[in-house]
Amino acid sequence: MKTCLVIGIGRFGRHLCEDMAKLGNEIMAVDTREELLEGVLPYVTSAKIGDCTKEEVLKSLGIDNFDICFVCIGTNFQSSLEITSLLKEFGARYVVSKASRDIHAKFLLRNGADKVIYPDRDIAEKMAISYSSDNIFDYFELENGYSIYEIRPLPEWVGKTILEVDVRKKYNINIVAVKPKGSSEMKMSISPDYHFSKDERLFILGHNDDIIRLTKKFKS
């Protein structure tokens with residue numbers, strides 16, 4: 001469980017409060033608009049009306065008591081930048097700021113953000129990848145260009161073992177789990193002599209470049 005400060009309760013901020021609360025975190029929500037705060041009251045520990053571009057407002061929140069501070073303002077970049085900078089100045093441990101453009105991200109990182117997120121871009125990218133192929137079901141982005149993709153096995157893999165295909169050496173990926181066809185449960189311990197089956201789902205870990213190169217083989 002972590003203590004979180006969420007500044008800016010638009011659509012993204014609201015969903016963030018809900019999801020963080022479901023995971024057992026304690027949340028303080030802050031926005032200038034009372035009607036937006038009312039929507040997250042069932043999920044947050046506390047809520048406060050205030051303009052966080054004002055130093056006295058931020059100081060009153062006890063910034064150094066939070067494990068993570070989220071700046072979820074998407075319509076006013078100047079305010080987002082000011083708040084991000086002030087949070088670090090007042091002792092914030094870790095600041096995550098929302099951005100909509102690369103140039104915004106650069107300024108946010110220079111002014112105190114520990115991490116910048118692009119919710120709209122990330123969702124669009126995920127949809128593009130998922131809907132571009134009937135053989136890619138989902139993917140989970142990790143750090144440093146690595147991801148876990150949920151895919152079907154290549155047709156030429158079916159009936160062969162992991163060792164025979166030699167996926168690690170040939171494709172530079174690792175198979176971390178398998179979900180058999182019609183099953184809702186994943187097999188996490190996969191031995192080298194495991195035989196691939198048609199229409200099962202594989203969870204593969206690797207660098208994005210290697211995985212994209214692999215998934216293009218579905219079209220060939």
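No hydrogens, no waters, no symmetry mates; every other heavy atom, side chains included, goes into these values. We count residues from 1, following the sequence as given.
- Under the 6.0 Å distance and 45° angle rule, Arg201 counts as a cation-pi partner of Phe137.
- In this model, a donor atom of one side chain and an acceptor atom of the other lie less than 3.5 Å apart for Ser147 and Asn208.
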Exercise. Should Ile212 and Tyr149 be marked as a side chain to side chain contact (heavy atoms under 4.5 Å, CB included) after you check the CA-CA gap, both sets of side-chain angles, and the distance that decides it?
Worked result: CA-CA 10 Å; Ile212 293 298; Tyr149 274 62; 3.6 Å; yes

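- Heavy atoms of other residues, nucleotides or ligands lying less than 6.0 angstrom from CD of Glu56 number more than 12.
- More than 12 heavy atoms of other residues, nucleotides or ligands shown are found within 6.0 angstrom of CD on Glu156.
- Minimum interatomic distance between Ile27 and Ala21 (heavy atoms only, all atoms of both residues): CD1-N, 3.5 Å.
- When all heavy atoms of Lys198 and Val158 are compared, the closest pair comes out as N-CG1, 3.8 Å.
- At a threshold of 4.5 Å between side-chain heavy atoms, the hydrophobic network of Ile, Leu, Val, Met, Phe, Trp and Tyr places Met28 and Leu36 in two separate groups.
- Contact annotation: the side chain of Leu154 never approaches that of Phe196 to less than 4.5 Å [non-hydrogen atoms, C-beta and beyond].
- Here the options are Ile175, Leu142, Ile173, the test is side chain to side chain contact (heavy atoms under 4.5 Å, CB included), and the partner is Leu205; only Leu142 passes.
- Contact check on Lys181 versus Glu200 returns no salt bridge, with no Lys/Arg side-chain nitrogen under 4.0 Å from an Asp/Glu carboxylate oxygen.
- Residues Trp157 and Ile162 share a single hydrophobic cluster, defined by chaining ILVMFWY side chains whose heavy atoms lie under 4.5 Å apart.
- Between the side chains of Ser79 and Thr53, no donor-acceptor pair of N or O atoms lies under 3.5 Å.
- Checked by atom type, the side-chain pair Asp67/Thr3 shows a donor-acceptor distance below 3.5 Å.
- Side-chain heavy atoms closer than 4.5 Å link hydrophobic residues (I, L, V, M, F, W, Y) into clusters, and following such links, even through other members, never connects Val71 to Leu109.
- Note on ring orientation: taking the six-membered ring where Trp is involved, the planes of Phe77 and His104 are parallel (angle under 30°, cut-offs 30° and 60°).
- Shown here is Phe107, whose CZ atom has no more than 12 heavy atoms of other residues, nucleotides or ligands within 6.0 Å.
- Taking CG from Asp102 and OH from Tyr118, the interatomic distance works out to 4.0 Å, rounded to the nearest 0.5 Å.
- Minimum interatomic distance between Pro119 and Ala99 (heavy atoms only, all atoms of both residues): CD-O, 4.1 Å.
- Taking CG of Asp51 as the start and CD1 of Ile83 as the end, the distance is 7.0 Å to the nearest 0.5 Å.
- Between Lys88 and Asp114 there is a salt bridge, since a side-chain N of the basic residue sits under 4.0 Å from a carboxylate O of the acidic one.
- A distance-only check finds no donor-acceptor pair linking the side chain of Glu89 to the backbone of Leu86 [under 3.5 Å].
- Between Ser60 and Lys48, the side chains place a donor N or O and an acceptor N or O closer than 3.5 Å (distance only, hydrogens not considered).
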Exercise. Between Val6 and Val40, is a side chain to side chain contact (heavy atoms under 4.5 Å, CB included) present by the stated rule, with each step listed?
Worked result: CA-CA 11 Å; Val6 179; Val40 298; over 6 Å; no

